[in-house]
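What you are looking at is a predicted structure, and each value in this text was computed from that prediction instead of being measured.
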Amino acid sequence: MSKKTNGQPIFLYLAWLAAVIATLGSLYFSEIREFIPCELCWVQRIFMYPLSIILGIATFLNDRSIIKYALPLSIIGGLVSIFHYMEQKVPGFASIKPCVGGVPCSAEYINWLGFITIPFLALLAFTLTTIFLFIARKK
């Protein structure tokens, strides 16, 4: 750990770890469990998958300058997750933007403890990634 980072590399690593776990989780649900992703799941993947790569490279190189590029991906992905979760859990909300084809975005492949769904897990990952990146960017 170098002097100029003051212990922050662990938070960059934790952000990368959250993104990797989320990426592997989404691949598990689609490739092992054979859950077909809906439109909003694909959008969330578009924001999460690059984070796994760019944060991994940044962690390896201890390059915190990538944070300004990773934060927008994480924040926007989190907003999509909130919208998706609301489609599943708020009555009448799904009619605002119904999925036009394939699996409906309001479908719940999993529903652990009555509130943990795939969009909730994505929201958790995006939130953790965002928090860790905000902490890592402080000098």
Side-chain angles (χ1 to χ4, degrees):
M1 198 176 326
S2 67
K3 268 191 332 191
K4 68 178 184 177
T5 59
N6 294 328
Q8 305 305 341
I10 188 70
F11 292 104
L12 189 59
Y13 171 77
L14 290 172
W16 170 69
L17 190 61
V20 166
I21 290 171
T23 298
L24 293 175
S26 78
L27 290 171
Y28 167 77
F29 283 130
S30 64
E31 301 304 315
I32 307 292
R33 300 284 303 272
E34 298 183 356
F35 297 160
I36 300 168
C38 70
E39 291 176 21
L40 289 175
C41 287
W42 279 113
V43 173
Q44 290 165 86
R45 287 175 175 208
I46 289 167
F47 287 100
M48 183 58 74
Y49 287 17
L51 287 171
S52 299
I53 296 168
I54 64 175
L55 290 177
I57 294 168
T59 299
F60 180 75
L61 299 175
N62 192 22
D63 180 9
R64 293 184 318 142
S65 67
I66 198 69
I67 294 172
K68 64 185 166 215
Y69 304 109
L71 265 174
L73 291 173
S74 183
I75 292 168
I76 295 168
L79 293 173
V80 174
S81 296
I82 290 170
F83 182 80
H84 193 183
Y85 188 66
M86 288 176 67
E87 277 201 6
Q88 289 183 330
K89 295 298 183 182
V90 177
F93 202 84
S95 63
I96 292 174
K97 191 255 172 229
C99 291
V100 292
V103 178
C105 293
S106 59
E108 295 180 16
Y109 283 117
I110 64 168
N111 190 0
W112 301 330
L113 304 175
F115 71 96
I116 300 173
T117 63
I118 293 173
F120 180 86
L121 293 173
L123 176 59
L124 179 63
F126 281 120
T127 301
L128 288 173
T129 302
T130 301
I131 290 169
F132 292 143
L133 288 175
F134 268 115
I135 295 170
R137 72 190 274 262
K138 295 189 188 277
K139 293 187 179 185

Quick one: closest heavy-atom pair of R45 and P50, and the distance? O-CD, 4.0 Å
Hey, are the side chains of L55 and T129 touching, using non-hydrogen atoms and a 4.5 Å cut-off? yes
According to a 4.5 Å side-chain heavy-atom criterion applied to Ile, Leu, Val, Met, Phe, Trp and Tyr, with indirect links allowed, do I36 and I118 form part of one hydrophobic cluster? yes
Below 30° counts as parallel, above 60° as perpendicular, anything between as tilted: where do the rings of Y109 and F35 land? parallel
Partners passing side-chain contact (heavy atoms from CB on, under 4.5 Å) against Y69 (at least two apart in sequence or in another chain): I66
Of all heavy-atom pairs between W16 and T59, which one has the smallest distance, and what is that distance? CB-OG1, 3.7 Å
Side chain to side chain contact (heavy atoms under 4.5 Å, CB included) between W112 and L121: does it pass, once the steps are laid out? CA-CA 11 Å; W112 301 330; L121 293 173; 4.0 Å; yes
To the nearest 0.5 Å, tell me how far L51 CG sits from L133 CG. 7.5 Å
Side-chain (T117) to main-chain (N111) donor-acceptor, under 3.5 angstrom: no
What are the two closest non-hydrogen atoms of P119 and S81, and how far apart are they? O-CB, 3.8 Å
Here the pair of heavy atoms bringing F29 nearest to I110 is CZ-CD1, 4.0 Å
Any link between L123 and M86 through a network of hydrophobic side chains (Ile, Leu, Val, Met, Phe, Trp, Tyr) touching at under 4.5 Å? yes
Output the distance between atom CG (L113) and atom CZ (F120), rounded to the nearest 0.5 Å. 9.5 Å
Taken to the nearest 0.5 Å, the spacing of C38 SG from Q44 CD works out to 7.0 Å
Does S106 reach the main-chain N or O of E87 with its side chain, forming a donor-acceptor pair under 3.5 Å? no
Starting at CG of L17, measure out to CG of L12 and round the result to the nearest 0.5 Å. 11.5 Å
What are the two closest non-hydrogen atoms of A107 and Q88, and how far apart are they? O-NE2, 2.7 Å
Distance col, row K68:NZ vs R137:CZ, nearest 0.5 angstrom, shows 10.5 Å
Do I10 and F134 land in one hydrophobic cluster if side-chain heavy atoms of ILVMFWY residues count as linked below 4.5 Å? yes
Do L24 and F126 sit in one hydrophobic cluster, given that two such residues count as connected whenever their side-chain heavy atoms are within less than 4.5 Å of each other, even indirectly? yes
Indicate if I46 and L40 have the same hydrophobic cluster label, given that clusters are the connected sets of ILVMFWY residues with side-chain heavy-atom separations under 4.5 angstrom. no
Can you tell me how far CG of L27 sits from OH of Y49, rounded to the nearest 0.5 angstrom? 3.5 Å
Is the backbone of S26 close enough, under 3.5 Å, to the side chain of S30 for a donor and an acceptor to pair up by distance? yes
